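As the structure is a computational prediction, the values presented were derived from the model and not from experiment. Each chain gets a letter, A, B and so on, in the order its sequence line appears, and its residues count up from 1.
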2 protein chains.
Amino acid sequence: MGRPGPDTSRAWQLLVKFFFAQRSHLPSSCGGEDVEQLSPAQCHVLHLIEPDRPLPMSRLAETLSCDRSNVTGLVDRLESRGLIQRRTSASDRRVKVLQLTREGSRLRAHLLKRMTGRSLPLSRLSLDQQRTLVTILEALVGEKER
Amino acid sequence: MGRPGPDTSRAWQLLVKFFFAQRSHLPSSCGGEDVEQLSPAQCHVLHLIEPDRPLPMSRLAETLSCDRSNVTGLVDRLESRGLIQRRTSASDRRVKVLQLTREGSRLRAHLLKRMTGRSLPLSRLSLDQQRTLVTILEALVGEKER
DNA sequence: TATTGTTATACTCTATAACTATA
DNA sequence: TATAGTTATAGAGTATAACAATA
């Protein structure tokens, strides 16, 4: 619906810059009280798996837009930490669905909570700006409601 | 200036999701006519080095918020492709400054141009939204003017 | 002594290609 | 034949620790 303009390039540049600058601070540094120290990718996966909502590995690969073999490794590491579990789907024995363990669910909630904290630079924005940002990003990601 | 709210967490989640979804598409897939196929990190570094504006490696490490040893590797790879050059600073012989080669400068311009193209999802936003996004991101990154 | 950059090491992330098991 | 997931392999990204050169 829009047109490419000078702001297009500028926005992307800033987006990348922001992401690179923040990725090391959060949400990976979720360690703290928890022993675990998850990588950004692992944290991201943990976010994408919602409690009581089994997620096929193929869907995860799509969302991450990465190769399926990559997902195997990510899941291996998260599973070895006891955060998620693989389960063979009943309807199609080829697919494996992922679900959070109790520990995984706990850590995920902890992450979400932490992301809302004051330390997050995003909280420096006014509420109006935050709302606007969410609207824009939803349009970008192609999510309507969630 | 703001307060943590439900949108804070939501915004970050979307930001991460968007970045993960896009990182493989651009601007790394800048190959095309060029033989090179740069990684996202390498593209990012290329952006950060402006033509005729030598950048100390330590500054680059700060901007990327990563370890200095990491920068060594990134620069090694970009230098071996002939895109940038290391030069020992005259004022302080410990520091090395980076500058684009002619080829690097050309490729950087190509990247910037490509980012403005229609293919970029960001260009789906209205001009107003793009402008708003830039404003918000500038606040986040802590950049006033450029 | 402190700082800049490098090297050595180890682990994670990522893609490609070949494979297994299901469908 | 096609699809979901795995394995093997290779390269890139990242951090820690020890080191050299310079300040």
Side-chain angles (χ1 to χ4, degrees), chain A residues 16 19-31 36-46 48 54-81 83-98, chain B residues 16 19-31 36-46 48 54-81 83-98:
Chain A
V16 174
F19 190 80
F20 266 84
Q22 292 308 319
R23 73 174 154 28
S24 56
H25 302 151
L26 40 97
S28 52
S29 62
C30 61
E36 1 266 352
Q37 186 77 2
L38 301 183
S39 73
Q42 285 170 23
C43 280
H44 187 41
V45 170
L46 210 58
L48 293 174
L55 181 71
M57 291 180 67
S58 51
R59 277 266 295 146
L60 185 52
E62 275 173 34
T63 306
L64 297 174
S65 37
C66 73
D67 193 83
R68 291 190 303 280
S69 64
N70 190 16
V71 171
T72 296
L74 285 169
V75 168
D76 279 349
R77 287 180 282 274
L78 285 171
E79 196 173 35
S80 75
R81 282 174 190 260
L83 300 176
I84 64 177
Q85 267 185 335
R86 273 180 249 235
R87 221 193 49 205
T88 301
S89 165
S91 53
D92 186 338
R93 296 175 50 73
R94 286 176 304 181
V95 349
K96 288 181 187 166
V97 295
L98 306 173
Chain B
V16 173
F19 190 81
F20 266 84
Q22 292 309 319
R23 71 173 154 31
S24 55
H25 303 152
L26 40 97
S28 52
S29 61
C30 59
E36 1 265 353
Q37 185 78 4
L38 301 183
S39 73
Q42 285 171 21
C43 279
H44 187 41
V45 170
L46 211 59
L48 294 175
L55 181 71
M57 291 181 67
S58 52
R59 276 266 294 145
L60 185 52
E62 276 173 33
T63 305
L64 297 173
S65 36
C66 73
D67 193 83
R68 291 190 302 281
S69 64
N70 190 15
V71 171
T72 297
L74 285 168
V75 168
D76 279 349
R77 287 181 281 273
L78 284 171
E79 196 173 33
S80 74
R81 283 175 191 259
L83 299 176
I84 63 176
Q85 267 185 334
R86 272 181 249 236
R87 221 193 49 204
T88 300
S89 165
S91 53
D92 186 338
R93 295 176 50 74
R94 287 176 306 181
V95 347
K96 288 180 186 166
V97 295
L98 306 173

Rounded distance in Å - [atom1] ([X]) to [atom2] ([N]):
| X | N | atom1 | atom2 | value |
| --- | --- | --- | --- | --- |
| A/Leu98 | D/dA4 | CG | P | 14 Å |
| B/Asp76 | C/dA8 | CG | P | 12 Å |
| B/Leu78 | D/dG13 | CG | C1' | 13 Å |
| B/Lys96 | D/dA23 | NZ | C1' | 16 Å |
| B/Glu62 | C/dT3 | CD | C1' | 12 Å |
| B/Arg86 | C/dG5 | CZ | P | 10 Å |
| B/Met57 | C/dT7 | CE | P | 10 Å |
| A/Leu60 | D/dT6 | CG | P | 11 Å |

Every protein N/O lying under 3.5 Å from an N/O of nucleotides 8-12 of chain D:
none

Enumerate the salt bridge (Lys or Arg N to Asp or Glu O under 4.0 Å) contacts for residues 69-78 of chain B, please, sequence neighbours excluded, ordered by first and then second residue.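 Applying salt bridge (Lys or Arg N to Asp or Glu O under 4.0 Å) to every pair that reaches into residues 69-78 of chain B, excluding sequence neighbours, yields B/Asp76-B/Arg86.
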Mind jotting down which residue pairs meet the salt bridge (Lys or Arg N to Asp or Glu O under 4.0 Å) criterion with at least one end in residues 62-73 of chain B? Sequence neighbours excluded, please.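 Qualifying pairs: none.
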Give me the atom names and distance for the closest heavy-atom approach of A/Cys66 to A/Val71.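 Distance-wise, the nearest heavy atoms are SG-CG2, 3.9 Å.
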The criterion is side chain to side chain contact (heavy atoms under 4.5 Å, CB included); which residues satisfy it with B/Arg93, sequence neighbours excluded?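 B/Arg93 satisfies side chain to side chain contact (heavy atoms under 4.5 Å, CB included) with B/Thr88 once adjacent residues are dropped.
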Test side chain to side chain contact (heavy atoms under 4.5 Å, CB included) applied to B/Leu46 - qualifying residues, sequence neighbours left out: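 With neighbours one apart ignored, the set is B/Leu38, B/Leu83, B/Ile84, B/Leu100, B/Leu107, B/Arg108, B/Leu111.
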Using a heavy-atom cut-off of 4.0 Å across all strands, would you classify B/Arg59 as base, sugar-phosphate, or nothing?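 Here B/Arg59 touches no strand at all.
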Could you tell me whether B/Ser58 contacts a base, only the sugar-phosphate backbone, or nothing, with contacts defined as non-hydrogen atoms closer than 4.0 Å?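 Here B/Ser58 touches the backbone only, sparing every base.
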Please compare A/Gly73 and B/Val97 by the position of their nearest nucleotide in DNA chain C and report the one closer to 5'.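 Nearest-nucleotide comparison on DNA chain C picks B/Val97.
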State, with a plain yes or no, whether a side-chain heavy atom of B/His44 is found less than 4.5 Å away from one of B/Leu64.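 Yes, at least one pair of side-chain atoms sits under 4.5 Å.
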Would you please name every residue forming a side-chain hydrogen bond (donor to acceptor under 3.5 Å, both in side chains) with [X], sequence neighbours left out?
| X | result |
| --- | --- |
| A/Thr72 | none |
| A/Arg94 | A/Asp92 |
| B/Ser80 | none |

Please determine, for the side chain of A/Asn70, which listed nucleotide (C/dT7, D/dT7, C/dT14) has the closest atom?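 So the side chain of A/Asn70 is nearest to C/dT14.
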Scan nucleotides 18-23 of chain C against the protein and return all N/O pairs shorter than 3.5 Å with their distances rounded to 0.1 Å.
{"from": "C/dA23", "atom 1": "OP1", "to": "A/Arg93", "atom 2": "N", "distance (Å)": "3.0"}

